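Nothing here was measured: the structure is a model prediction, and the numbers come from that model. The first residue of the sequence shown is numbered 1, and numbering continues consecutively from there.
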Amino acid sequence: MAIILNIETATPVCSVALFKDGELQALQELFIEKSHSNLLTVVIEQLMKNVGLEMNQLDAVAVSAGPGSYTGLRIGLSTAKGLCHALDIPLIAIDTLSAMVRTVAHTADRPNALYCPMLDARRMEVYCQLSEANGELLEKTQPKVLEDEINPFTEQLANRQIVFFGNGMPKCKDILQHENAVFLENITPSAKGVGLLAEEKYQNQQFESLAYFEPYYLKAFQGTKPKKRV
């Protein structure tokens, strides 16, 4: 029976969930901008206290590995690695968009639809993937630019219903309009989705290297130069 702590920080939502033997035991989420660095460890400690477990009872830590915010992913992964190193337990990495699909498909009750999570990547670019309700990938996670009012999913929409969701979806909604397009509002990545996928990886011993694993950034970090003070 595995006890797995799950961390999601790929977007402004700071989310932590505890799963025991594949079942959700506790979930805490903060919808506060830039809360990851200051509050992630506090949320973890509070969650463990709420369920009456000690950190040394964990069997693994799973983390949302991207795509998403560069800073958010770094904070989530460094926290997960630190816990794994201190407790001598394995690290599990979960694709952020795949976790979103598992969460939404679990509750949307549209088994014949395709699922397309979208995360905002600035301007008219999104990170997205296309998959069956069971998680089988039809298009892997990738950056996609939606412009010129051309719907890139026209061929798939002609034959199947597609459920679009995520914080990148609203800015693309006009382009994606179709009779087979379904739009779900206010869907954000959650540690619950991470946990729904982590148990299988734990059982198959699909673990990551604490020394070498890096998040799925998909594109290079672009920083900004500080303004010169006069």
Side-chain angles (χ1 to χ4, degrees), residues 3-19 24-51 55 58 60-87 89-104 117-122 126-129 141 143 165-169 186-199 201-202 207-210 212-223:
I3 300 176
I4 303 176
L5 180 70
N6 303 273
I7 298 171
E8 168 58 74
T9 56
T11 66
V13 180
C14 181
S15 177
V16 179
L18 188 76
F19 275 69
L24 177 65
Q25 304 298 305
L27 173 67
Q28 289 193 208
E29 296 181 320
L30 295 179
F31 294 81
I32 303 173
E33 290 278 353
K34 300 179 180 179
S35 62
H36 303 20
S37 59
N38 295 326
L39 298 177
L40 177 57
T41 55
V42 176
V43 173
I44 292 173
E45 291 174 0
Q46 186 62 53
L47 180 141
M48 295 297 291
K49 181 179 180 180
N50 289 346
V51 296
M55 297 298 293
L58 294 175
V61 177
V63 64
S64 174
S69 158
Y70 181 93
T71 302
L73 291 173
R74 295 296 297 181
I75 293 170
L77 182 59
S78 62
T79 301
K81 282 186 174 183
L83 290 172
C84 290
H85 180 76
L87 299 170
I89 56 178
L91 172 70
I92 300 171
I94 300 296
D95 180 272
T96 303
L97 299 184
S98 296
M100 292 178 69
V101 170
R102 178 59 66 91
T103 302
V104 172
M118 293 180 161
L119 291 183
D120 192 359
R122 298 181 182 180
V126 294
Y127 298 129
C128 65
Q129 67 168 231
T141 295
F165 54 97
N167 65 7
M169 178 273 290
N186 303 316
I187 302 296
T188 58
S190 171
K192 178 180 178 181
V194 175
L196 290 172
L197 295 176
E199 176 69 19
K201 279 200 167 187
Y202 180 83
F207 306 137
E208 307 297 338
S209 166
L210 294 183
Y212 300 110
F213 182 76
E214 292 292 327
Y216 311 140
Y217 293 124
L218 291 190
K219 62 182 181 181
F221 171 67
Q222 295 182 341

What residues, two or more places apart in sequence or in another chain, satisfy ring-ring contact (aromatic ring centres under 6.0 Å, His included) together with F31?
none
Any residue meeting side-chain hydrogen bond (donor to acceptor under 3.5 Å, both in side chains) with S15, in chain and number order, not counting sequence neighbours:
E29
Is a donor on one side and an acceptor on the other found under 3.5 Å between the side chain of H36 and the backbone of T11?
yes
Pairing residues for V51 by the side chain to side chain contact (heavy atoms under 4.5 Å, CB included) criterion, not counting sequence neighbours:
L18, A26, L53
Please, which pairs that meet salt bridge (charged side-chain N to carboxylate O under 4.0 Å, His left out) have at least one residue in residues 76-87, sequence neighbours excluded?
none
Pairs satisfying salt bridge (charged side-chain N to carboxylate O under 4.0 Å, His left out), at least one member in residues 187-198, at least two apart:
none
With sequence neighbours excluded, tell me which residues meet side chain to side chain contact (heavy atoms under 4.5 Å, CB included) with A60.
I4, P90, I92, Y202
Across all chains, not counting sequence neighbours, the side-chain hydrogen bond (donor to acceptor under 3.5 Å, both in side chains) partners of Q28 are N50
Across all chains, not counting sequence neighbours, the side chain to side chain contact (heavy atoms under 4.5 Å, CB included) partners of A80 are I7, V61, V63, L91
Salt bridge (charged side-chain N to carboxylate O under 4.0 Å, His left out) contacts in which one or both residues fall within residues 62-78, not counting sequence neighbours
R74-E214
Using side-chain contact (heavy atoms from CB on, under 4.5 Å) as the criterion, point out the one residue from V42, L47, L40 that pairs with I44.
L40
Looking at CG of L119 and CD of Q129, how far apart are the two atoms once the value is rounded to the nearest 0.5 Å?
10.0 Å
Contacts of T96 meeting side-chain hydrogen bond (donor to acceptor under 3.5 Å, both in side chains) (sequence neighbours excluded), chain-then-number -> S64
Set of side-chain hydrogen bond (donor to acceptor under 3.5 Å, both in side chains) partners for N167, sequence neighbours left out
none
